[in-house]
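See below for the structure under consideration.
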Amino acid sequence: MLPVVATDWLPWIVGICVLSVIVLILIVVAPWRGVRREPPLDDEVEARLLLGEDPDEIDRDLAAREAQRRGQVTDLRPRDET
């Protein structure tokens, strides 16, 4: 009678294993398209993150650099001489 009990649980065990594999595949594959659509990180930002710098500090540095770059471009505009 013991083998009958073992065969009763076999479909459940197989079913749970199959569902686990399907869930794992969905967890890994589902966000993959969204990750591929994201633009790559700038080389400098990636290097600084890998070196362990604070992301907020990197963001502040990039914002300051962008503001300085914008200031330089506005200096190139011709001035009204009226």
Side-chain angles (χ1 to χ4, degrees):
M1 190 173 243
L2 187 61
V4 174
V5 174
T7 57
D8 287 342
W9 286 99
L10 185 63
W12 283 97
I13 294 171
V14 171
I16 290 172
C17 290
V18 168
L19 286 175
S20 299
V21 169
I22 290 172
V23 168
L24 181 64
I25 288 172
L26 287 175
I27 289 172
V28 171
V29 173
W32 191 254
R33 287 184 182 170
V35 170
R36 286 187 306 192
R37 268 188 256 132
E38 290 182 10
L41 288 175
D42 183 40
D43 289 338
E44 179 188 356
V45 173
E46 184 178 4
R48 289 175 69 179
L49 286 172
L50 290 173
L51 289 172
E53 289 190 36
D54 183 25
D56 292 332
E57 181 181 337
I58 296 171
D59 191 39
R60 284 190 300 270
D61 291 346
L62 292 176
R65 187 178 304 157
E66 184 65 29
Q68 181 183 13
R69 194 174 303 146
R70 279 196 191 122
Q72 292 171 351
V73 170
T74 56
D75 292 343
L76 297 175
R77 290 185 186 166
R79 298 184 183 196
D80 293 331
E81 296 190 22
T82 31

**Fill in**
Students should find that the hydrophobic cluster of Leu49, defined by side-chain heavy atoms under 4.5 Å apart, otherwise consists of Leu41, Val45, Ile58, Leu62
**Request:** Please answer: with hydrophobic residues joined when any side-chain heavy atoms are less than 4.5 Å apart, are Ile16 and Leu24 in the same cluster?
**Result:** no
**Item:** hydrophobic_cluster_shared for Leu10 and Leu19, side chain cutoff 4.5 Å
**Value:** no
Contacts of [X] that satisfy salt bridge (charged side-chain N to carboxylate O under 4.0 Å, His left out) - sequence neighbours left out:
X: Asp42; value: none
X: Glu53; value: Arg48
X: Arg65; value: Glu44

**Request:** Go through the structure and list residues passing side-chain contact (heavy atoms from CB on, under 4.5 Å) with Ile25, not counting sequence neighbours.
**Result:** Val21, Val29
**Prompt:** Which residues satisfy the side-chain contact (heavy atoms from CB on, under 4.5 Å) test with Asp56, sequence neighbours excluded?
**Reply:** Asp54, Arg60
